[in-house]
Asker: 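Here it is, the structure in full.
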2 protein chains.
Amino acid sequence: MTKHFGEYIKQLRNEGGFTLTQLGAKLDLDSANLSKIENGKRDFDEKRLLQLASVFNLDLDRLKTEFFSDFIAKKLYQNECSTDALIVAEEKVKYLKQINVKQEKLNFTKNND
Amino acid sequence: MTKHFGEYIKQLRNEGGFTLTQLGAKLDLDSANLSKIENGKRDFDEKRLLQLASVFNLDLDRLKTEFFSDFIAKKLYQNECSTDALIVAEEKVKYLKQINVKQEKLNFTKNND
DNA sequence: ACTATATTTGTCAAATACTGACAAGTCTAA
DNA sequence: TTAGACTTGTCAGTATTTGACAAATATAGT
(Lines give C-alpha, C1' and ligand atoms only; values in the text may rest on other atoms or scores of the structure.)
Protein backbone atom coordinates (compact mmCIF):
# COMPACT_ATOMS: atom_id res chain seq x y z
CA MET A 1 0.00 0.00 0.00
CA THR A 2 1.34 3.45 -0.88
CA LYS A 3 0.82 6.74 0.94
CA HIS A 4 -0.15 8.44 -2.29
CA PHE A 5 -0.35 7.92 -6.01
CA GLY A 6 3.05 9.48 -6.60
CA GLU A 7 4.66 6.83 -4.47
CA TYR A 8 2.95 4.25 -6.63
CA ILE A 9 4.44 5.83 -9.74
CA LYS A 10 7.84 5.81 -8.12
CA GLN A 11 7.50 2.09 -7.50
CA LEU A 12 6.58 1.47 -11.10
CA ARG A 13 9.44 3.61 -12.28
CA ASN A 14 11.98 1.86 -10.12
CA GLU A 15 10.73 -1.57 -11.09
CA GLY A 16 10.99 -0.50 -14.71
CA GLY A 17 14.46 0.88 -14.15
CA PHE A 18 13.73 4.33 -15.50
CA THR A 19 15.15 7.64 -14.40
CA LEU A 20 12.88 10.58 -13.71
CA THR A 21 13.99 12.15 -16.95
CA GLN A 22 13.20 9.03 -18.94
CA LEU A 23 9.76 8.53 -17.48
CA GLY A 24 9.09 12.26 -17.59
CA ALA A 25 9.75 12.24 -21.32
CA LYS A 26 7.28 9.42 -21.82
CA LEU A 27 4.68 11.35 -19.88
CA ASP A 28 5.43 14.81 -21.28
CA LEU A 29 6.44 15.90 -17.86
CA ASP A 30 9.41 17.83 -16.56
CA SER A 31 11.57 15.56 -14.41
CA ALA A 32 11.52 18.09 -11.59
CA ASN A 33 7.76 18.08 -11.57
CA LEU A 34 7.61 14.32 -11.75
CA SER A 35 9.87 14.23 -8.72
CA LYS A 36 7.42 16.43 -6.84
CA ILE A 37 4.59 14.17 -7.83
CA GLU A 38 6.44 11.11 -6.60
CA ASN A 39 7.08 12.84 -3.32
CA GLY A 40 3.51 13.96 -2.85
CA LYS A 41 4.24 17.64 -3.43
CA ARG A 42 2.18 17.88 -6.56
CA ASP A 43 -0.75 15.94 -7.88
CA PHE A 44 -0.56 13.65 -10.84
CA ASP A 45 -2.80 14.96 -13.54
CA GLU A 46 -5.76 12.74 -14.32
CA LYS A 47 -5.36 13.39 -18.02
CA ARG A 48 -2.08 11.47 -18.06
CA LEU A 49 -3.52 8.23 -16.72
CA LEU A 50 -3.83 6.75 -20.18
CA GLN A 51 -0.20 7.51 -20.99
CA LEU A 52 0.90 6.09 -17.68
CA ALA A 53 -1.04 2.90 -18.29
CA SER A 54 0.49 2.46 -21.69
CA VAL A 55 4.06 3.11 -20.51
CA PHE A 56 3.82 0.36 -17.92
CA ASN A 57 1.38 -1.84 -19.78
CA LEU A 58 -1.24 -1.55 -17.09
CA ASP A 59 -4.94 -2.08 -17.33
CA LEU A 60 -6.46 1.38 -17.44
CA ASP A 61 -9.40 0.46 -15.25
CA ARG A 62 -7.15 -0.89 -12.54
CA LEU A 63 -4.98 2.18 -12.75
CA LYS A 64 -8.03 4.40 -12.43
CA THR A 65 -9.09 2.44 -9.39
CA GLU A 66 -5.67 3.03 -7.88
CA PHE A 67 -5.71 6.71 -8.76
CA PHE A 68 -9.20 7.54 -7.61
CA SER A 69 -9.05 5.45 -4.47
CA ASP A 70 -6.05 7.51 -3.54
CA PHE A 71 -7.80 10.69 -4.38
CA ILE A 72 -10.82 9.74 -2.32
CA ALA A 73 -8.84 8.51 0.66
CA LYS A 74 -6.88 11.74 0.73
CA LYS A 75 -10.06 13.77 0.59
CA LEU A 76 -11.72 11.91 3.43
CA TYR A 77 -8.61 11.85 5.54
CA GLN A 78 -7.88 15.54 5.14
CA ASN A 79 -11.44 16.51 5.92
CA GLU A 80 -11.80 14.11 8.81
CA CYS A 81 -14.84 12.68 7.15
CA SER A 82 -16.29 9.36 8.20
CA THR A 83 -15.80 6.45 5.84
CA ASP A 84 -19.56 6.09 5.96
CA ALA A 85 -19.36 8.44 3.02
CA LEU A 86 -18.00 5.55 0.98
CA ILE A 87 -21.06 3.42 1.58
CA VAL A 88 -23.34 6.30 0.70
CA ALA A 89 -21.24 7.10 -2.34
CA GLU A 90 -21.68 3.60 -3.67
CA GLU A 91 -25.45 3.95 -3.55
CA LYS A 92 -25.24 7.32 -5.18
CA VAL A 93 -23.20 6.02 -8.07
CA LYS A 94 -25.84 3.35 -8.65
CA TYR A 95 -28.51 6.01 -8.48
CA LEU A 96 -26.72 8.25 -10.97
CA LYS A 97 -26.29 5.37 -13.41
CA GLN A 98 -29.94 4.47 -13.08
CA ILE A 99 -31.03 8.03 -13.76
CA ASN A 100 -28.85 8.04 -16.82
CA VAL A 101 -30.49 4.88 -18.14
CA LYS A 102 -33.93 6.41 -17.64
CA GLN A 103 -32.84 9.56 -19.40
CA GLU A 104 -31.57 7.60 -22.36
CA LYS A 105 -34.88 5.80 -22.66
CA LEU A 106 -36.69 9.13 -22.60
CA ASN A 107 -34.47 10.52 -25.30
CA PHE A 108 -35.01 7.41 -27.36
CA THR A 109 -38.77 7.82 -27.18
CA LYS A 110 -38.50 11.52 -27.93
CA ASN A 111 -36.37 11.01 -30.98
CA ASN A 112 -38.80 8.50 -32.33
CA ASP A 113 -42.06 10.44 -32.09
CA MET B 1 -31.63 10.25 -2.51
CA THR B 2 -30.65 13.43 -4.32
CA LYS B 3 -28.86 13.82 -7.63
CA HIS B 4 -26.40 16.24 -6.11
CA PHE B 5 -25.66 18.16 -2.96
CA GLY B 6 -27.41 21.28 -4.25
CA GLU B 7 -30.65 19.40 -4.50
CA TYR B 8 -30.19 18.41 -0.89
CA ILE B 9 -29.78 22.04 0.09
CA LYS B 10 -32.91 22.90 -1.84
CA GLN B 11 -34.83 20.31 0.13
CA LEU B 12 -33.58 21.72 3.39
CA ARG B 13 -34.41 25.23 2.29
CA ASN B 14 -37.92 24.35 1.24
CA GLU B 15 -38.57 22.40 4.40
CA GLY B 16 -37.34 25.38 6.37
CA GLY B 17 -39.48 27.72 4.32
CA PHE B 18 -36.67 30.04 3.30
CA THR B 19 -36.25 31.93 0.08
CA LEU B 20 -32.97 31.82 -1.81
CA THR B 21 -32.24 35.32 -0.61
CA GLN B 22 -32.86 34.43 2.99
CA LEU B 23 -30.73 31.33 2.97
CA GLY B 24 -28.13 33.05 0.85
CA ALA B 25 -27.77 35.74 3.48
CA LYS B 26 -27.23 33.14 6.18
CA LEU B 27 -24.53 31.52 4.08
CA ASP B 28 -22.90 34.69 2.75
CA LEU B 29 -23.94 33.72 -0.70
CA ASP B 30 -25.57 35.60 -3.54
CA SER B 31 -29.06 34.24 -4.17
CA ALA B 32 -28.30 33.82 -7.86
CA ASN B 33 -25.29 31.70 -7.06
CA LEU B 34 -27.19 29.70 -4.50
CA SER B 35 -29.75 28.99 -7.18
CA LYS B 36 -27.04 27.65 -9.43
CA ILE B 37 -25.77 25.46 -6.64
CA GLU B 38 -29.23 24.06 -6.04
CA ASN B 39 -29.56 23.28 -9.71
CA GLY B 40 -26.19 21.61 -9.99
CA LYS B 41 -24.63 24.38 -12.04
CA ARG B 42 -22.09 25.32 -9.42
CA ASP B 43 -20.53 23.46 -6.56
CA PHE B 44 -21.25 24.19 -2.96
CA ASP B 45 -18.09 25.34 -1.29
CA GLU B 46 -16.75 22.97 1.34
CA LYS B 47 -15.85 25.88 3.57
CA ARG B 48 -19.50 26.69 4.10
CA LEU B 49 -20.46 23.28 5.49
CA LEU B 50 -20.22 24.49 9.05
CA GLN B 51 -22.51 27.43 8.39
CA LEU B 52 -24.95 25.19 6.60
CA ALA B 53 -25.00 22.76 9.49
CA SER B 54 -25.67 25.52 11.96
CA VAL B 55 -28.46 27.11 9.90
CA PHE B 56 -30.38 23.86 9.76
CA ASN B 57 -29.20 22.46 13.06
CA LEU B 58 -27.59 19.49 11.47
CA ASP B 59 -24.86 17.28 12.78
CA LEU B 60 -21.71 18.38 11.01
CA ASP B 61 -20.37 14.87 10.60
CA ARG B 62 -23.55 13.69 8.96
CA LEU B 63 -23.53 16.69 6.69
CA LYS B 64 -19.93 16.02 5.74
CA THR B 65 -20.87 12.45 4.94
CA GLU B 66 -23.63 13.71 2.69
CA PHE B 67 -21.39 16.25 1.02
CA PHE B 68 -18.39 14.06 0.43
CA SER B 69 -20.37 11.02 -0.63
CA ASP B 70 -21.87 13.22 -3.29
CA PHE B 71 -18.50 14.53 -4.27
CA ILE B 72 -17.06 11.05 -4.53
CA ALA B 73 -19.99 9.60 -6.42
CA LYS B 74 -19.80 12.40 -8.95
CA LYS B 75 -16.09 11.87 -9.41
CA LEU B 76 -16.41 8.14 -9.98
CA TYR B 77 -19.42 8.49 -12.22
CA GLN B 78 -17.86 11.19 -14.39
CA ASN B 79 -14.65 9.25 -14.80
CA GLU B 80 -16.34 5.93 -15.35
CA CYS B 81 -14.31 4.50 -12.55
CA SER B 82 -15.21 1.24 -10.92
CA THR B 83 -16.69 1.39 -7.43
CA ASP B 84 -13.88 -0.97 -6.45
CA ALA B 85 -12.09 2.29 -5.78
CA LEU B 86 -14.34 2.73 -2.75
CA ILE B 87 -13.18 -0.49 -1.17
CA VAL B 88 -9.57 0.37 -1.81
CA ALA B 89 -10.13 3.89 -0.52
CA GLU B 90 -11.41 2.56 2.77
CA GLU B 91 -8.22 0.60 3.30
CA LYS B 92 -6.17 3.59 2.34
CA VAL B 93 -7.88 5.81 4.87
CA LYS B 94 -7.11 3.26 7.56
CA TYR B 95 -3.53 3.13 6.38
CA LEU B 96 -3.17 6.92 6.42
CA LYS B 97 -4.57 7.10 9.94
CA GLN B 98 -2.23 4.39 11.09
CA ILE B 99 0.78 6.17 9.62
CA ASN B 100 -0.30 9.28 11.40
CA VAL B 101 -0.44 7.47 14.74
CA LYS B 102 3.07 6.08 14.20
CA GLN B 103 4.32 9.54 13.29
CA GLU B 104 2.85 11.01 16.44
CA LYS B 105 4.58 8.38 18.53
CA LEU B 106 7.87 9.16 16.84
CA ASN B 107 7.46 12.84 17.50
CA PHE B 108 6.60 12.12 21.09
CA THR B 109 9.80 10.15 21.56
CA LYS B 110 11.81 12.80 19.76
CA ASN B 111 10.47 15.61 21.91
CA ASN B 112 11.33 13.71 25.04
CA ASP B 113 14.96 12.84 24.39
C1' DA C 1 -53.53 41.87 -16.59
C1' DC C 2 -50.51 44.12 -13.03
C1' DT C 3 -47.25 44.05 -9.40
C1' DA C 4 -44.17 42.24 -6.25
C1' DT C 5 -41.32 38.69 -5.10
C1' DA C 6 -38.81 34.46 -6.16
C1' DT C 7 -36.00 32.07 -9.11
C1' DT C 8 -33.05 31.26 -13.01
C1' DT C 9 -29.63 32.38 -16.40
C1' DG C 10 -25.79 34.92 -18.44
C1' DT C 11 -21.77 37.43 -17.97
C1' DC C 12 -17.53 39.38 -16.20
C1' DA C 13 -13.66 40.82 -13.46
C1' DA C 14 -11.12 39.47 -9.48
C1' DA C 15 -9.29 35.92 -6.80
C1' DT C 16 -7.40 31.45 -6.56
C1' DA C 17 -5.33 27.28 -7.98
C1' DC C 18 -2.71 24.68 -11.34
C1' DT C 19 0.94 23.90 -14.73
C1' DG C 20 5.14 24.00 -17.27
C1' DA C 21 9.56 25.62 -17.13
C1' DC C 22 13.94 26.51 -15.47
C1' DA C 23 17.65 27.54 -12.05
C1' DA C 24 20.05 25.99 -8.31
C1' DG C 25 20.64 22.90 -4.77
C1' DT C 26 21.75 18.08 -2.75
C1' DC C 27 22.84 13.31 -3.23
C1' DT C 28 25.20 9.26 -5.07
C1' DA C 29 28.32 6.34 -7.41
C1' DA C 30 32.26 5.88 -10.51
C1' DT D 1 35.74 15.62 -8.43
C1' DT D 2 32.68 14.92 -11.95
C1' DA D 3 28.42 13.35 -14.17
C1' DG D 4 24.04 12.04 -13.75
C1' DA D 5 20.01 11.55 -10.72
C1' DC D 6 17.09 13.63 -7.83
C1' DT D 7 15.02 17.46 -4.99
C1' DT D 8 13.52 22.02 -4.00
C1' DG D 9 12.20 26.78 -4.91
C1' DT D 10 10.31 30.02 -7.78
C1' DC D 11 7.59 32.29 -11.26
C1' DA D 12 4.96 33.60 -15.21
C1' DG D 13 1.24 31.90 -17.96
C1' DT D 14 -3.02 29.48 -17.91
C1' DA D 15 -7.13 27.70 -16.25
C1' DT D 16 -10.67 27.44 -12.93
C1' DT D 17 -13.53 29.27 -9.30
C1' DT D 18 -15.83 32.88 -7.05
C1' DG D 19 -18.57 36.93 -6.02
C1' DA D 20 -21.25 40.24 -8.01
C1' DC D 21 -24.64 42.25 -10.75
C1' DA D 22 -28.03 42.74 -14.60
C1' DA D 23 -31.64 40.88 -16.94
C1' DA D 24 -34.98 37.30 -18.04
C1' DT D 25 -38.45 34.25 -16.52
C1' DA D 26 -41.66 32.19 -13.28
C1' DT D 27 -45.07 32.40 -9.65
C1' DA D 28 -48.55 34.07 -6.56
C1' DG D 29 -51.61 37.53 -4.82
C1' DT D 30 -54.76 41.33 -6.10
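Here the structure is a predicted model, which means the values were calculated and not measured. Below, each value reflects all heavy atoms present in this structure, side chains not excepted, and no hydrogens, waters or symmetry copies. Here is the naming used below: chain letters follow the sequence lines, and residue numbers restart at 1 for every chain.
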Asker: For DNA chain D, whose closest nucleotide is more 5', that of A:A32 or that of B:R42?
Answerer: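 With A:A32 and B:R42 compared, the 5'-side residue is A:A32.
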Asker: Taking CZ from B:F44 and C1' from D:dT17, how many angstroms apart are they, rounded to a whole number?
Answerer: 15 Å
Asker: Considering just the side-chain nitrogens and oxygens of A:R48, establish if one lies under 4.0 Å of OP1 or OP2 belonging to C:dG20.
Answerer: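 For C:dG20, OP1 or OP2 has a side-chain N or O of A:R48 closer than 4.0 Å.
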Asker: With a 3.5 Å cut-off and heavy atoms only, can you find an N or O donor on one side and an acceptor on the other between the side chain of B:K41 and the base of D:dT17?
Answerer: no
Asker: Is atom CD of A:E15 surrounded by more than 12 heavy atoms (other residues, nucleotides or ligands) closer than 6.0 Å?
Answerer: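 Yes.
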Asker: Rounding to a whole Å, what distance do you find between A:E38:CD and D:dT7:P?
Answerer: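 Result: 7 Å.
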Asker: Rounded to the nearest 0.5 Å, how far apart are CE of A:M1 and OH of A:Y8?
Answerer: 12.5 Å
Asker: Drop me the distance from A:D70's CG to A:E7's CD, to the nearest 0.5 angstrom.
Answerer: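 It comes to 9.0 Å.
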Asker: Report yes if at least one side-chain N or O of A:N39 is closer than 4.0 Å to OP1 or OP2 of D:dT7; otherwise report no.
Answerer: yes
Asker: For A:Q22 and D:dG4, what is the distance between atoms CD and P respectively, to the nearest whole Å?
Answerer: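 Result: 13 Å.
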Asker: Report the nucleotide, chosen from D:dG19, C:dT8, D:dA20, that has the shortest atom-to-atom distance to any side-chain atom of B:D30.
Answerer: D:dA20
Asker: Can a salt bridge be assigned to the pair B:K97 and A:E80 using a cut-off of 4.0 Å between side-chain N and carboxylate O?
Answerer: no
Asker: Main chain of B:Q22, side chain of B:T19: is a donor-acceptor contact present, judged purely on distance under 3.5 Å?
Answerer: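 Yes, B:T19 side chain to B:Q22 backbone: donor-acceptor pair under 3.5 Å.
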Asker: How close or far is atom C1' of C:dT19 from atom CD1 of A:I37, stated in whole angstroms?
Answerer: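 My rounded result for the distance is 10 Å.
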Asker: Just by modelled atom types, is the B:R48 backbone N or O under 3.5 Å from a matching donor or acceptor in the B:D45 side chain?
Answerer: no
Asker: Among C:dT19, D:dC6, D:dG19, find the nucleotide with the atom closest to the side chain of A:D45.
Answerer: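 Of the candidates, C:dT19 comes closest.
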Asker: For A:L27 and C:dA21, give me the distance from atom CG to atom P, rounded to whole Å.
Answerer: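 After rounding, the gap between these two atoms is 14 Å.
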Asker: Would you please confirm or rule out a distance under 4.0 Å between OP1 or OP2 of C:dT7 and any side-chain N or O of B:S35?
Answerer: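 So the side chain of B:S35 is outside the cut-off, no N or O lying under 4.0 Å from OP1 or OP2 of C:dT7.
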Asker: Within this structure, what is the CG-to-C1' distance between A:L34 and D:dA5, rounded to whole angstrom?
Answerer: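 These atoms are roughly 12 Å apart.
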Asker: To the nearest Å, give me how far apart CG (A:D43) and P (C:dA17) are.
Answerer: 13 Å
Asker: Does D:dT17 have OP1 or OP2 sitting under 4.0 Å from an N or O in the side chain of B:K47?
Answerer: no
Asker: Mind running a 4.0 Å heavy-atom check of residues 1-9 of chain A against DNA chain C and sending the residues that fall below it, in number order?
Answerer: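 Those residues: none at all.
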Asker: Per the atom types in the model, does the base of D:dG19 pair as donor or acceptor with the side chain of B:K36 at under 3.5 Å?
Answerer: no
Asker: Taking the side chain from B:K64 and the backbone from A:N79, do they hold a donor-acceptor pair closer than 3.5 Å?
Answerer: yes
Asker: Quickly work out the B:D28 CG to D:dT18 P distance and round it to whole Å.
Answerer: 14 Å
